[in-house]
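Labels below follow one simple rule: chain letters A, B, ... track the order of the sequence lines, proteins then strands, and each chain is numbered from 1.
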Amino acid sequence: MLDDFMMRALLAGLGVVIAAAPLGCFVVWRRMAYFSDATSHASILGVALALGFSVPIFGSVLVVALLVALLVWFASDKGHSVDTMLGVVAHSALAFGLVAVAFIDGVRIDLMAYLFGEILAVSKTDLLWIWGGALLVLALLAWRWSALLTATLNRDLAYASGIDPRREQLILTIALALVVAVAIKVVGALLIGAMLIIPAAAARPLTKTPELMAVGATLIGAASMAAGLRVAFIYDTPAGPTIVCTAALFFLISNGISWVRQAA
Amino acid sequence: MRLIETSGLTVRYGRKDALVDVDFHIDRGEIVTLVGPNGSGKSSLVRALVGAIPPFKGNVKRKNGLRIGYVPQKLHIDPTLPISVKRFLGLPKRKPSATIEAALASADVAHIGDSQMTNLSGGQFQRVLLARALLENPDLLLLDEATQGLDQPGAAAFYRKIEDVRTELGCAVLMVSHDLHVVMSASDRVVCVNGHVCCHGTPDIVASAPEYRALFGSGTGGALALYRHQHTHSHDDGCDHDHDHSQANSAEKEGADA
């Protein structure tokens, strides 16, 4: 079964979805969209480092994503302007990454593969990494779910209930770095943000509780993955962007439904 | 018995002191009101008590296992977050549905459990926050300007509810408010802050203290008058309870000693 590249692609995609969709709900609720973009763009630097030092890409991307996420987390905690900080860190890390890749001799790298993903080239080892990381993220979120939700609603409310919102933010930050590392091969650095936000945003108008929204986002993400891959295969379009396009269509449909409902 | 106590508490944001050298305490079962002008550090004190900001100097001592029911100043729920009243009340710990219904009923908002939080009116929202705080089965109920956005009858009704709750649960209550006359009438003790503790004692003592008058001007005469008025009004609005002055009197002596 795993010898079929389409099957591997689908499994890889679903792995990304089960982690990215519920985490994406928090990204949406906490307005961290720019934060997640910054982290994923910076991961290109991780790719460059991995190629330069011949270390596994997954580990290198994870380390860089974590460092960037922690840097921003720490800075925002100290009261710096997060927006500017993110802009500086994300874009310079991306630029340094692109420049660093150019210095690496002897390796022919298809940079596009890391910017837009290469889901059709996922190997069995990749699958192992993807599912390992994704299940870890899912476990983290399930374990901290109530505390994360409380901290998302109101920091002081969380403190009063004995929850440290800074710790919960840190957990989300780590989960985000993991998702970036897991997803870079599948949808690429530039489109990871899309897989976090679009399924969650598409599920929002159809759901009434946070849990249902997370489940809805996962289902919509999975459907986008399956349909997008199919379309990419039939029409020979780039897989990553096609998947994101499909998710965007789901977003339009679900918001259309809710708009019609409200108008009726 | 002390529920919570600060000694020499200094709270600092960046390089600016919000509170300096505050000694403050709340005992079991008493109602304490925190008054002070805008930016006087009232909310900083509350946040330090809750543990949301670490003391720069001094310390905050909480009774072991102190349960705090916190009603925040305002709670903005992002419109992207779908959450029903029932689910909100089940945070951070899930509770049986009967318990949640009971808490809603005791906050006078039964039957709204299935509504979305973002669809509630201001008054309903505050009562849901109160219900949530009560679900923690608190030793100390902490209300940070909890009636902001409510009209005066709404605020008065809310504070009457608080008194009922206190009688029922026997928890201590700390209120922060601008609604001086309403709040003071219900308090055992008033603490007036302006970067530090200006004055404290019974509502009578604080309202006539020169420090307090310096802060709030002549308007305080009205506050005091209203305070007295509240205790002499006739109960023609279907209210059948009687005011118990014994506690206020004993607190007054305590305040006079302090």
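The part of A:I163 that comes within reach of chain B is its side chain, from C-beta onward, which places non-hydrogen atoms under 4.5 angstrom from that chain. Contacts of A:N154 with chain B are made by side-chain atoms alone, with heavy-atom separations under 4.5 Å and no backbone atom involved. Interface remark: B:P138 contributes no atoms to any contact with chain A (heavy atom separation under 4.5 Å). Of the two parts of B:R67, neither the backbone nor the side chain holds a non-hydrogen atom closer than 4.5 Å to a non-hydrogen atom of chain A. Proximity to chain B (any heavy atom under 4.5 Å) is shown, for A:R30, by neither the backbone nor the side chain.
What you find for A:Y159 and B:V50 is that their closest heavy atoms are CB-CG1, 3.6 Å. Closest approach of A:T207 and B:P82 over heavy atoms only: O-CB, 3.5 Å. B:L81 and A:R204 make their closest contact through N-NE, 3.9 Å (heavy atoms, listed as atom of the first residue, atom of the second, distance).
B:R47 contributes atom CZ, which lies 7.5 Å from atom CZ of A:R155 (distance to the nearest 0.5 angstrom). To the nearest 0.5 Å, atoms CZ (B:F88) and CG (A:L149) are separated by 11.0 Å. The structure places OG1 of B:T80 at 6.5 Å from CZ of A:R31, a figure rounded to the nearest 0.5 Å.
Between chain B and the options A:T150, A:T152, A:L148, A:V28, heavy-atom pairs under 4.5 Å are most frequent for A:T150. In terms of heavy-atom pairs under 4.5 angstrom with chain A, the leader among B:R132, B:K93, B:R94 is B:R132. Among B:Q116, B:E136, B:M117, the residue with the largest count of heavy-atom pairs under 4.5 Å with chain A is B:Q116. Top candidate by heavy-atom pairs under 4.5 Å with chain A, chosen from B:L75, B:I68, B:L129, is B:L75.
Under a cut-off of 6.0 angstrom, the local environment of NE2 in B:H76 is crowded, with over 12 non-hydrogen atoms contributed by other residues, nucleotides or ligands. Within 6.0 Å of atom NZ in B:K57, 12 or fewer heavy atoms from other residues, nucleotides or ligands are found, so the atom counts as exposed in its surroundings.
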B:D144 and A:D156: side chain to side chain contact (heavy atoms under 4.5 Å, CB included), yes or no, with the steps? CA-CA 11 Å; B:D144 189 357; A:D156 292 350; over 6 Å; no
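Inter-residue side-chain proximity for B:L91 and A:L157 is flagged as unmet; no heavy-atom pair is nearer than 4.5 Å.
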